[in-house]
Amino acid sequence: MARKVFFSFRYKWDSKRVQQIKQIGSIEGQTLLSSNEWEKVKSGGDAQIQRWIDGEMKGKNCQVVLIGEFTAGRKWVNYEIKKAWADGKGVLGIHIHNLKDLDGSQMNKGKNPFDDFTINGKKMSSIVKTYDPPFTTSTNVYGHIKTNIESWIEEAIRIRNDYNK
């Protein structure tokens, strides 16, 4: 049975890359909104965005932060990281800068968003694993993620469960 995950990412820059990850099929993620649907959620203000995030996170086993060049430090990505950890979900990061978007563009590698958080005095990045596919060719990056994402998710859930003991 596919694990249910919540994807965190910077919509403006990475939604096309994230769609590729969703197509892997071995995991079940939240519905990705079209740009029009996302604008409608945003038009309701912070309270509406938070309600949407909270609703989409319900019933998920793990949060997967898909890290592009501009992901770290984003207000809602930060909220999602805090919420996923507080809710006891597995948390992990995957760098996606070398996946091509629909225009064939790749990005620069982004900062690890977990460096900005501490858990019991330790950097969250020392607890939560972040994966950086060791390829620059988009098809190889995609293949690496496809081959490993299920085991990465299982490991993130195991790490989180062990942390609670």
Side-chain angles (χ1 to χ4, degrees), residues 1-15 17-18 20-22 24 26-30 32 41-42 46-99 106-136 140-165:
M1 182 173 156
R3 288 290 193 171
K4 295 179 180 181
V5 302
F6 181 88
F7 292 112
S8 295
F9 58 97
R10 173 81 191 268
Y11 187 90
K12 179 179 178 180
W13 296 102
D14 293 318
S15 62
R17 290 176 180 84
V18 172
Q20 294 175 57
I21 305 298
K22 283 215 28 126
I24 289 174
S26 60
I27 52 177
E28 182 182 325
Q30 81 270 17
L32 296 183
V41 170
K42 281 184 8 182
D46 285 358
Q48 178 63 26
I49 294 170
Q50 186 173 335
R51 274 192 300 278
W52 182 85
I53 292 167
D54 293 352
E56 290 296 320
M57 275 198 169
K58 278 189 180 150
K60 303 299 190 281
N61 309 103
C62 188
Q63 176 203 28
V64 178
V65 181
L66 298 169
I67 306 167
E69 185 173 352
F70 305 109
T71 305
R74 300 296 302 169
K75 175 182 178 177
W76 293 111
V77 170
N78 287 349
Y79 172 78
E80 293 159 358
I81 291 169
K82 289 178 197 172
K83 178 165 180 46
W85 189 262
D87 290 351
K89 298 179 188 318
V91 178
L92 72 113
I94 303 172
H95 287 277
I96 61 168
H97 60 286
N98 280 328
L99 283 175
Q106 293 174 310
M107 304 287 284
N108 293 316
K109 184 176 177 179
K111 178 181 175 280
N112 185 333
F114 307 116
D115 284 341
D116 297 335
F117 298 92
T118 57
I119 299 170
N120 298 329
K122 290 177 71 175
K123 273 194 171 196
M124 189 177 201
S125 58
S126 71
I127 300 165
V128 171
K129 291 199 175 188
T130 302
Y131 302 92
D132 186 7
F135 303 101
T136 56
N140 293 341
V141 172
Y142 176 83
H144 186 74
I145 294 170
K146 182 176 182 175
T147 299
N148 293 291
I149 195 166
E150 287 181 85
S151 63
W152 294 341
I153 290 167
E154 291 303 322
E155 185 175 23
I157 293 168
R158 189 171 47 256
I159 288 169
R160 184 63 179 105
N161 290 338
D162 289 348
Y163 197 82
N164 286 334
K165 290 181 183 176

Notebook entry, point to check: What are the two closest non-hydrogen atoms of Leu92 and Val128, and how far apart are they?
Noted result: CA-CG1, 3.8 Å
Margin query: Which heavy atom of Arg160 sits nearest to which heavy atom of Gly90, and what is that distance?
Written below: CB-CA, 3.9 Å
Item checked: Least distance between heavy atoms, Ile96 atom then Gly68 atom -> CG1-N, 4.2 Å
Next item on the list: Please confirm whether the backbone N or O of Gly143 pairs with a side-chain atom of Thr147, one donor and one acceptor, at under 3.5 Å?
Entry: yes
Margin query: Looking at every non-hydrogen atom in both residues, tell me the closest pair between Val65 and Pro113 and how far apart they are.
Written below: CG1-CG, 3.9 Å
Next item on the list: Quick one: closest heavy-atom pair of Val77 and Gln63, and the distance?
Entry: O-NE2, 4.5 Å
Note to self: If you apply the rule side chain to side chain contact (heavy atoms under 4.5 Å, CB included), what do you find for Ile49 with Trp76, and how did you get there?
What the structure shows: CA-CA 8 Å; Ile49 294 170; Trp76 293 111; 3.5 Å; yes
Margin query: Can you list everything that forms a salt bridge (charged side-chain N to carboxylate O under 4.0 Å, His left out) with Asp87? Sequence neighbours excluded, please.
Written below: Lys83
Checklist line | Lys89 side-chain N/O to Lys60 backbone N/O, donor-acceptor pair under 3.5 Å | finding: yes
Next item on the list: Could you tell me the separation between the OG1 atom of Thr118 and the NZ atom of Lys122, rounded to the nearest 0.5 Å?
Entry: 12.0 Å
Margin query: Closer than 4.0 angstrom, basic N to acidic O: yes or no for Lys109 and Glu69?
Written below: no
Margin query: Just verifying a value: how many Å separate Thr136 OG1 and His97 NE2, rounded to the nearest 0.5 Å?
Written below: 9.0 Å
Note to self: Applying side chain to side chain contact (heavy atoms under 4.5 Å, CB included) to Met124 and Ile81, what does each step give before you reach the verdict?
What the structure shows: CA-CA 10 Å; Met124 189 177 201; Ile81 291 169; 3.7 Å; yes
Margin query: Before we go on, tell me: are the rings of His144 and Phe135 under 6.0 Å apart, centre to centre?
Written below: yes
Next item on the list: Check whether the side chains of Ser125 and Asp115 place a donor and an acceptor atom closer than 3.5 Å, and report yes or no.
Entry: yes
Item checked: Short side-chain to backbone donor-acceptor contact, Glu155 and Lys129, under 3.5 Å -> no
Notebook entry, point to check: For Ile67 and Gly93, which heavy atoms make the closest approach, and how far apart are they?
Noted result: CD1-CA, 4.0 Å
Check: Nearest 0.5 Å, what's the OH-CD1 distance between Tyr131 and Ile145?
Finding: 12.5 Å
Note to self: Let me confirm one number: the CG-CD1 distance from Asp132 to Ile94, rounded to the nearest 0.5 Å.
What the structure shows: 10.5 Å
Note to self: Does this structure show an ion pair linking Asp116 with Lys123, if we count only N-O contacts that are shorter than 4.0 Å?
What the structure shows: no
Checklist line | Straight-line distance of Trp152 CH2 to Ile149 CD1, nearest 0.5 Å | finding: 7.0 Å
Note to self: I'd like to know if Glu150 and Arg3 make a salt bridge, using a cut-off of under 4.0 Å between side-chain N and carboxylate O.
What the structure shows: no
Checklist line | Pairwise side-chain contact, Met107 with Leu99, heavy-atom cut-off 4.5 Å (strictly under) | finding: no
Notebook entry, point to check: Can you tell which of Tyr79, Tyr163, Phe117, Phe114 makes a ring-ring contact (aromatic ring centres under 6.0 Å, His included) with Trp85?
Noted result: Tyr163
Notebook entry, point to check: Taking atom CG of Asp162 and atom CD1 of Ile127, what is their separation to the nearest 0.5 Å?
Noted result: 12.0 Å
Check: For Lys82, what residues pass the salt bridge (charged side-chain N to carboxylate O under 4.0 Å, His left out) criterion, not counting sequence neighbours?
Finding: none
Check: Is there a side-chain contact between Val5 and Ile153, using heavy atoms and a 4.5 Å cut-off?
Finding: yes
